[in-house]
Enquirer: 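Below you will find the structure I want to go over with you.
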Amino acid sequence: MPTEVNQPVSMIDPSQLLRPEAAFNDKPIEAFRDYSIDDGDPIKERVRRTYYEQHTNMTVDLVKQKREKWLKFNHFKATIKDALIKLNELVDESDPDSDLPNIVHAFQTAERIREEHPDEDWYHLTGLIHDLGKVMAFYDEPQWCVVGDTFVVGCKWADSIVYGPESFKDNPDTYNPKYNTKYGMYEPNCGLDKLWISWSHDEYLYQFLQHNKAKIPLKGQYMIRYHSFYPWHAGGDYRHLTTEKDEEVLQWVLDFNKYDLYTKSEKVPDIEALWPYYEGLIEKYIPGVCEF
Ligand SMILES: [Fe+2]
Ligand SMILES: [Fe+2]
């Protein structure tokens, strides 16, 4: 595991913060997506700042650079279990009161899936590891490059992106005619997997699973790859770029999303007791030491 970067890293995921406890409440999820900025709430302010930074800096060039940096998988080597534990230590240190430790969220997500899909063990593991890409935070990646909702770069900013297209006013791609039209650098209906998504833990972990030859079915890998892609899976944008076939992926992502919701009211699972079961799944689907 990494040793060179030990400073605390702020790891509140704005994607999560905007949707607290939605699964255990009668309110529609939209009711939690409250982006008002005038009430002086420091967490809201922080969420807003993170997104504005993300929207200012996330260009086609930046995504290219991040892909070059991370898709070499030469940062560290670890088993999935050790990486999950390590990620948790980092998050715990930095934000003790603001949210559940990452590993609790990982086990809660996995166990909720297991309750409803008892026979699909690959799905349980998908739940457990879906946020593991946040290990990028060990390597000086700013929060806005790791967490938060994702969107497509290289074409017009979608209306349903958090804080709207206006939040990209300081992004150079906004003024680049190659990238600021309806289709931008894409062909009509080119398909979901041709799109360059803003860099985050989703794409990194998907690529990691491919690189390390994980045997998790593609369905699970796609749930991971697009779980933060709210403008597509919740906002209904980008249909001019996707295909009929992608609607099937959408159903997978929407199913996964039901389980990936934060709550502080839910009971904390007995992680020690659950590890043997999940270690078995790791052994089955992505064993040994992996390259991150
Ligand atoms: Fe996530
Ligand atoms: Fe999550």
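On a predicted model such as this, the values are computed, not experimentally measured, just so you know. In each ligand, atom 1 is the first atom listed, and ligand 1 is the first ligand listed. FYI, side chains are in, hydrogens and waters are out, and symmetry mates aren't considered; it's all heavy atoms of this structure.
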Enquirer: Are the side chains of Leu192 and Leu195 in touch, meaning some heavy atoms are under 4.5 Å apart?
Expert: yes

Enquirer: Test Ser228 against every option in Thr150, Asp202, Asp260, Asp149 by the side chain to side chain donor-acceptor pair (under 3.5 Å) rule and name the one that passes.
Expert: Asp202

Enquirer: Using every non-hydrogen atom in the two residues, find where Cys155 and Lys182 come nearest and quote the distance to one decimal.
Expert: CB-O, 3.7 Å

Enquirer: Please determine whether a side-chain nitrogen of the Lys or Arg among Arg112 and Glu115 lies less than 4.0 Å from a carboxylate oxygen of the Asp or Glu.
Expert: no

Enquirer: Between Asp131 and His201, is there a side-chain donor-acceptor contact under 3.5 Å, judged purely by atom types and distance?
Expert: yes

Enquirer: Measure distances from the Fe ion (ligand 1) and count the protein N, O or S atoms below 2.8 Å.
Expert: 3

Enquirer: Whether the Tyr285 and Asp121 side chains hold a donor-acceptor pair (N or O, under 3.5 Å, no angle test) is what I'd like checked.
Expert: yes

